[in-house]
*Asks:* 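Shown below is the structure under consideration.
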2 protein chains.
Amino acid sequence: MAYTKPGVTRNRIYQFVRQRLLDGEPPTVREVQTAFHMRAVQSAKSHLDALVKEGRLVKVPGKSRGYRLPGTKHSSRLAPILGRVPAGPFNIAVEEIEGYIPVRFNSEEQTVFGLRVNGDSMMSAGILHGDVVLVRSESEIHQGDIVVAMIDGEATIKEFRRVRNRIQLRPHNDAYPILSPKPEDLTIIGKVIEVRRYLEAISLIDEELNG
Amino acid sequence: MAYTKPGVTRNRIYQFVRQRLLDGEPPTVREVQTAFHMRAVQSAKSHLDALVKEGRLVKVPGKSRGYRLPGTKHSSRLAPILGRVPAGPFNIAVEEIEGYIPVRFNSEEQTVFGLRVNGDSMMSAGILHGDVVLVRSESEIHQGDIVVAMIDGEATIKEFRRVRNRIQLRPHNDAYPILSPKPEDLTIIGKVIEVRRYLEAISLIDEELNG
DNA sequence: TATGATAACAGACAAAAGTATGTTTTATTA
DNA sequence: TAATAAAACATACTTTTGTCTGTTATCATA
């Protein structure tokens, strides 16, 4: 390729690699080479080496497609949207995936998934029918958190309250009653950590699982 | 590894590969092999081949780490959140970036950015104070769209209406009036395509662009 | 228990990808 | 303008990874 001023191609390569990593497709050295019309592998390699040395990239030596963004803790992953709330444990419910949405993960291993809201019991909290809520299971639940709970095999989204050793599930809609289920009928699925509303038809279903 | 009932190891391998792909780290055949303590590469390979044949995975032949989830365009990018609505044009407001959030892009080059909601004029549409709206500029605006508009240098979020050759900006809160600004005082910044509410403190600021 | 299907194993080869050494060309700056 | 640093090139070698052929073991079912 044509000679550029110092740093210019470097930055372009960084952007390219970064984009590929965000897309979940780590490039090879030679893919970088051809993407920038270089005639030698080493041209790409030395840029990548430099980016690692500068700390802008991280590399697993020897492994193919081994370049990564540093500080992978705060990266975006795709979380599945579970179409319906399944009766069994969530790991088994993979068949009912409605689609995937990009989510920011702050820790390494966390179970975050999306859930389509059904009904308007949380309307006055700004959670409307059709919204997608992001739920983290294996999460500590505190007073006032909005949670996804299973009562007698049915799933609902409510505000969590503990009142005198008894659990209350409060709707945010005057038309609905406060629930006080027996502990044995109740399972807290997880905590709602985010609400999303898509005002435009965006197909999240473009990567359906056929299995 | 020990012999399992037909389909069992198949599904486990699928889960493993899927998780790796969601994490942005496509595995090699041999990585699958060792993850499942198999003594032959072919053991892993034949399972992967079968998953492709079943349509549960997709593969780029020949390429290393070439297994993908079917139909994955994997086009999530990070969009900037502009802290405050600036007075000038938006391109210049890059210094006021509050952070980045992952966004699903359906097309190639589109100008999508986030904006922190200030005020409760859209409350009954489920857009609350502190929410982040995703705005696409360069977007066609239709009757009833929710838009970000600049009126006399001040930015607001309202529903867009065209009534007898005159533009109306309607709040979704009875305490606010309908606006009918003069065309020369009005600039439509873009269309709100998504609303997000973070119920938990998530630092969005950790992913600065180094280049 | 016989039989076909699935699972796991073994070893080898070919292609892809990482790495290394040295040279030429261009940019930067003193 | 000369010296230095950075960029790009050429080629070769090593390791990793994908793929192939064939065999043995276990499962499912009649």
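All values reported here derive from a predicted model rather than from experimental measurement.
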*Asks:* Rounding to an integer number of Å, can you tell me how far Lys45(B) NZ sits from dA15(C) P?
*Replies:* 15 Å
*Asks:* Any side-chain N or O of Ser64(A) less than 4.0 Å from the OP1 or OP2 oxygen of dT17(D)?
*Replies:* yes
*Asks:* Between Lys59(B) and dT17(D), is there a contact of a side-chain N or O with OP1 or OP2 at under 4.0 Å?
*Replies:*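 Negative; the distance criterion is not met.
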*Asks:* Should the pair Asp49(A)-Lys45(A) be classified as a salt bridge under the 4.0 Å nitrogen-to-oxygen rule?
*Replies:*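 Salt bridge between Asp49(A) and Lys45(A), a charged N being under 4.0 Å from a carboxylate O: yes.
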*Asks:* Between dA7(C) atom C1' and Ile13(B) atom CD1, what is the distance in whole Å?
*Replies:*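 Nearest whole value for this atom pair: 10 Å.
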*Asks:* Could you please name the option among dC9(D), dT28(C), dG18(C) that lies closest to any side-chain atom of Ala40(A)?
*Replies:*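 Minimum distance to the Ala40(A) side chain belongs to dC9(D).
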*Asks:* Take atom CZ of Arg10(A) and atom P of dA5(D), then tell me their distance rounded to the nearest Å.
*Replies:*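 After rounding, the gap between these two atoms is 15 Å.
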*Asks:* Under 4.0 angstrom, heavy atoms only, what part of the nucleic acid is Arg30(B) near: base, sugar-phosphate, or nothing?
*Replies:* base
*Asks:* Taking Glu54(A) first and then Arg56(A), would you say they form a salt bridge - that is, a charged N and a carboxylate O separated by under 4.0 Å?
*Replies:* yes
*Asks:* Would you kindly compare Thr4(B) and Lys63(B) by the position of their nearest DNA chain C nucleotide and give the one closer to the 5′ end?
*Replies:* Thr4(B)
*Asks:* Check whether any side-chain heavy atom of Val147(B) lies under 4.5 Å from a side-chain heavy atom of Leu169(B), and answer yes or no.
*Replies:*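 Yes; the side chains approach each other to less than 4.5 Å.
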*Asks:* Contact class for Ala50(A) vs. all strands (heavy atom < 4.0 Å): base, sugar-phosphate, or nothing?
*Replies:*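 Touches nothing.
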*Asks:* What is the distance from CD of Gln33(A) to C1' of dA7(D), rounded to the nearest Å?
*Replies:* 14 Å
*Asks:* In whole angstrom, what separates Met1(B)'s CE from dT26(D)'s P?
*Replies:* 13 Å
*Asks:* Please pick, from dA28(D), dT19(D), dA17(C), the nucleotide with the shortest atom-to-atom distance to any side-chain atom of Lys5(B).
*Replies:*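 When the side chain of Lys5(B) is considered, dA28(D) is the closest of dA28(D), dT19(D), dA17(C).
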*Asks:* Where each residue is assigned the nucleotide of DNA chain C containing its nearest heavy atom, which of Tyr3(B) and Val41(B) is assigned the position nearer the 5′ end?
*Replies:* Tyr3(B)
*Asks:* Can you tell me if Arg166(A) has over 12 outside heavy atoms packed within less than 6.0 Å of its CZ?
*Replies:* yes
*Asks:* Which part of the nucleic acid, if any, lies within contact of Gln42(A), taking any heavy atom under 4.0 Å across all strands shown: a base, the sugar-phosphate backbone alone, or nothing?
*Replies:* base
*Asks:* Send over the distance from Arg12(B) CZ to dT6(C) P, rounded to a whole Å.
*Replies:* 19 Å
*Asks:* Just how far, in rounded Å, is P of dT6(C) from CG of Leu48(B)?
*Replies:* 17 Å
*Asks:* Indicate, with a heavy-atom threshold strictly under 4.0 Å, whether Ser43(A) touches base, sugar-phosphate, or nothing.
*Replies:* base
*Asks:* Could you state the CG-P distance from Asp49(B) to dG18(D), rounded to the nearest angstrom?
*Replies:*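 Rounded to the whole Å, the gap is 11 Å.
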*Asks:* Looking at every strand, decide which applies to Ser46(A) at a 4.0 Å heavy-atom threshold: base, sugar-phosphate, or nothing.
*Replies:*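 The answer is nothing, as Ser46(A) stays clear of every strand by at least 4.0 Å.
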*Asks:* Which of these nucleotides, dG18(D), dA8(D), dC9(C), is closest to any side-chain atom of Arg39(B)?
*Replies:* dC9(C)
*Asks:* Could you verify whether a donor N or O on one side chain and an acceptor N or O on the other, from Gln19(B) and Asp23(B), lie under 3.5 Å apart?
*Replies:* yes
*Asks:* With a 4.5 Å heavy-atom cut-off, do Leu128(B) and Val117(B) have their side chains touching?
*Replies:* no
*Asks:* Phosphate oxygens OP1/OP2 of dA6(D): is one of them under 4.0 Å from a side-chain N or O of His47(A)?
*Replies:*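 For dA6(D), OP1/OP2 do not have a side-chain N/O of His47(A) under 4.0 Å.
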